[in-house]
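Note that this is a predicted model, so its numbers are computed, not measured. Counting starts at 1 for both ligands and their atoms, in listed order. Side chains included, hydrogens not; waters and symmetry mates left out as well; all remaining heavy atoms used.
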Amino acid sequence: MPGTRKDVTGDAGLGMGERICRRDFLNAAALATGGAFLSPLELLAARDDWTGYGGVGDYRFSNGNTKDVMEAAHSVRDRKFQSLPRDVVDTGEVFDLVVVGGGLTGLAAAVLFERQGPAGRTCLVLDDHAMFGGEAKGNEFLVDGQRLMAHQGSAFFPVPHAGGFVAQFYDTIGVDRHRFEYQKWASDTREIPLSQTTYDMLGRQGPTYAFYFGARFGQRPGLWLIDPWGKKLEGAPISDETRVELLRMHDGPDRMPEKEWRPAFEGDPVSRRLDTITLEEHLIEKHGLRRDTIRTFLSPVTGGGYGLGPDVLSGYCAYAPETQHPKDGDEEAGGQMFPGGNAGFARHIVKTLIPDSIEGPRTLDGVCRGRVSLRALDRPRQRTRIRLRSTVVWVAHDGEPEKSRLVTVAYTRAGRLHRLKARAVVLAGGSWTTKHIVRDLPAEHREAYAGFYRSPCLMANVAVRNWRFLYDMGISGGRWFEGLGNYMEVRKLATFGPQSPTISPDSPVILTLKVLYSYPGEPIEAQGTRGRMEMLSASYRDYERRIREQLTEMFARSGFDARRDIAGIILNRWGHAYVNPQPGFFFGTGGRPAPREVLRRAPFGRMAFANTDLVGAMDQRNCFLEAQRAVKQIVFIEQGGASGAPP
Ligand SMILES: Cc1cc2nc3c(=O)[nH]c(=O)nc-3n(C[C@H](O)[C@H](O)[C@H](O)COP(=O)(O)OP(=O)(O)OC[C@H]3O[C@@H](n4cnc5c(N)ncnc54)[C@H](O)[C@@H]3O)c2cc1C
């Protein structure tokens, strides 16, 4: 067993002096085939001590909200562009459609626009990051010669039901398989089940899963309880009362009949009632949990798909994704995941729009292995163009919205403000930015956007040279209730990426820590703001140290050595990662329409609003559905329809 506690907690023992990541970065930058695109400023930005190391490959300058992206966005928040200055650069361009935001929603809008309505129309996608994809981007590491990929945000998808819109959309963009093959076990040692996605074992919490109890529970050193549910939580340092409550939640019986808590469809009386109470109140009525138990063990919500905890979320959040997509999923196949997460969809869309944007064929293998050609994204005379590193700061109709023929769109790029025109605009950037940049937004829409709260998330991808320290404990993942993040698990990767087709405890893997910031008991907006301050105020080095310390504390006794085993850390900071639907978000309160309905039911002049947050469940399927709805609205306007919802 390497080192004692005392040996491993100093800077040297934790490996803080091992500038492995930085060295990799320099090598990668020097070797990059796209090196011609790297200005000294870009190199500097990629190395600032806030953004930190960005890995190798296509996403090396685009890990989450990098410092330059954040600063450009904050110039809008800080009202730097209340009017357009005289020296704005007029590009002279007029596009049939401008899409603000190159995430899955915006990219899907571009491809659906191309396929609906008359041919030959032009589209420009503007995105503020150095790579397209929004929250659906990947990270790539080179560990001892092996390429490894992970997601920056959006991770997995369920197998869509055959013939449905989502399955058809996947086909349109060339995702020709909806069930993937994954790495096979390569070792002659005993095989233990591994996740295909980043959430499988968290969902199952079976015999090869464990709970960690540390200082918060009076445990120094901490205690791992392996197979917690199989052991009925015996040995957990919690009170008998808490144990009984948690077991009742896990094993039942529920305190309400199923017909009272499971919605049959979105908008039925059950879903509407759930939307009048908090998720915390629902957990209390359904499982008889105490508030304190919920806030200790279930906040943020397990899996974290809503960013905050049950104290402020609508009760309907617990059921929204499955109720919205009741036919999806395949129990036997499980959740599916591209090696870089849902970045796979973004890449397929872009490859479909601009065939030479990613080298190689339009197959799963080709699109995931090929390199992005930044030059191909934004060339004159191509039907759809994607302009990156462009932060939209101003969008307004020329004249009265209902009569106007054009919209002015202004964006900053490389420190200069540019202006162009659009016949229609899809605003796909998300509530947190759209409400600031649309200058002629009506009061009703403004009020609706005021009902959208979003909270931050830090996705830390930690590349380790092997995961023996987990395997030797008999686990492949675990959950904890204090410190950074609250769960992680080893994933076997889909085999069409660049990684090895096999996996063993000695394989390098990427462990993902999802760090959410919830402060139960505080108002919803205050939690988001406080979390952003906390996330944004720490440097890369601060987080690197905390990650090394935490993994050391949890795993040094099973052989983990941060200095030896960590090959690289990438931080992906998302300042406005998740929408946090409060009670009333889904179906409105006091007879008023739900905020999302105001924004979705009709376009405003020549603008349509889209983004997964408008549905209240952040999910790639909702991106594609929202894009489809917004494009239908735009096509309706194009065809001379009066502003309003298409029939
Ligand atoms: C940590 C995390 C994990 C997730 N995991 C999953 C998962 O496993 N499965 C799943 O289905 N979903 C998951 N999601 C949900 C995810 O939000 C969606 O799947 C999807 O990626 C959202 O796409 P979008 O286009 O709606 O929004 P975004 O991805 O947010 O795209 C919007 C884009 O617009 C840009 N933008 C905003 N304002 C401007 C502006 N003014 N100018 C220029 N550009 C602008 C943004 O920077 C961004 O690039 C996850 C989300 C997070 C945060």
Which atom pair, heavy atoms only, marks the closest approach of H129 to N65?
NE2-OD1, 3.0 Å
Could you go through ligand 1 and note, for every N or O atom, any protein N or O atom closer than 3.5 angstrom, writing the atom names and distance to 0.1 Å, or 'none'?
{"unit_1": "ligand 1", "atom_1": "5 (N)", "unit_2": "A155", "atom_2": "N", "d": "3.4"}
{"unit_1": "ligand 1", "atom_1": "8 (O)", "unit_2": "A155", "atom_2": "N", "d": "3.0"}
{"unit_1": "ligand 1", "atom_1": "8 (O)", "unit_2": "F156", "atom_2": "N", "d": "2.9"}
{"unit_1": "ligand 1", "atom_1": "9 (N)", "unit_2": "F156", "atom_2": "O", "d": "2.9"}
{"unit_1": "ligand 1", "atom_1": "11 (O)", "unit_2": "Q620", "atom_2": "N", "d": "2.7"}
{"unit_1": "ligand 1", "atom_1": "12 (N)", "unit_2": "S154", "atom_2": "OG", "d": "3.2"}
{"unit_1": "ligand 1", "atom_1": "17 (O)", "unit_2": "E135", "atom_2": "OE1", "d": "2.5"}
{"unit_1": "ligand 1", "atom_1": "19 (O)", "unit_2": "S154", "atom_2": "OG", "d": "2.7"}
{"unit_1": "ligand 1", "atom_1": "19 (O)", "unit_2": "Q620", "atom_2": "N", "d": "3.4"}
{"unit_1": "ligand 1", "atom_1": "25 (O)", "unit_2": "L104", "atom_2": "N", "d": "3.1"}
{"unit_1": "ligand 1", "atom_1": "25 (O)", "unit_2": "T105", "atom_2": "N", "d": "2.9"}
{"unit_1": "ligand 1", "atom_1": "25 (O)", "unit_2": "T105", "atom_2": "OG1", "d": "3.3"}
{"unit_1": "ligand 1", "atom_1": "26 (O)", "unit_2": "T105", "atom_2": "OG1", "d": "2.7"}
{"unit_1": "ligand 1", "atom_1": "26 (O)", "unit_2": "N611", "atom_2": "ND2", "d": "3.2"}
{"unit_1": "ligand 1", "atom_1": "26 (O)", "unit_2": "T612", "atom_2": "N", "d": "3.0"}
{"unit_1": "ligand 1", "atom_1": "27 (O)", "unit_2": "N611", "atom_2": "ND2", "d": "3.2"}
{"unit_1": "ligand 1", "atom_1": "29 (O)", "unit_2": "E135", "atom_2": "N", "d": "2.8"}
{"unit_1": "ligand 1", "atom_1": "34 (O)", "unit_2": "D127", "atom_2": "OD1", "d": "3.4"}
{"unit_1": "ligand 1", "atom_1": "38 (N)", "unit_2": "T433", "atom_2": "OG1", "d": "3.2"}
{"unit_1": "ligand 1", "atom_1": "41 (N)", "unit_2": "V392", "atom_2": "O", "d": "3.0"}
{"unit_1": "ligand 1", "atom_1": "41 (N)", "unit_2": "T433", "atom_2": "OG1", "d": "3.2"}
{"unit_1": "ligand 1", "atom_1": "42 (N)", "unit_2": "V392", "atom_2": "N", "d": "2.8"}
{"unit_1": "ligand 1", "atom_1": "44 (N)", "unit_2": "D128", "atom_2": "N", "d": "3.2"}
{"unit_1": "ligand 1", "atom_1": "44 (N)", "unit_2": "D128", "atom_2": "OD1", "d": "3.4"}
{"unit_1": "ligand 1", "atom_1": "47 (O)", "unit_2": "D128", "atom_2": "OD1", "d": "2.7"}
{"unit_1": "ligand 1", "atom_1": "47 (O)", "unit_2": "D128", "atom_2": "OD2", "d": "3.3"}
{"unit_1": "ligand 1", "atom_1": "47 (O)", "unit_2": "H129", "atom_2": "ND1", "d": "3.2"}
{"unit_1": "ligand 1", "atom_1": "49 (O)", "unit_2": "D127", "atom_2": "OD1", "d": "2.7"}
{"unit_1": "ligand 1", "atom_1": "49 (O)", "unit_2": "D127", "atom_2": "OD2", "d": "3.4"}
{"unit_1": "ligand 1", "atom_1": "49 (O)", "unit_2": "H129", "atom_2": "ND1", "d": "3.4"}

Quick check: do Y517 and Q527 have side-chain heavy atoms less than 4.5 Å from each other?
no
Strictly by modelled atom types, are S431 and D613 linked by a side-chain donor-acceptor pair under 3.5 Å?
yes
Any donor-acceptor pair under 3.5 Å from H397 side chain to L406 backbone
no
Please work out which of the three classes, parallel, tilted or perpendicular, describes the rings of W432 and H576, given edges at 30° and 60°.
parallel
Can you classify the ring geometry of Y53 versus F141 as parallel (below 30°), tilted (30 to 60°) or perpendicular (above 60°)?
tilted
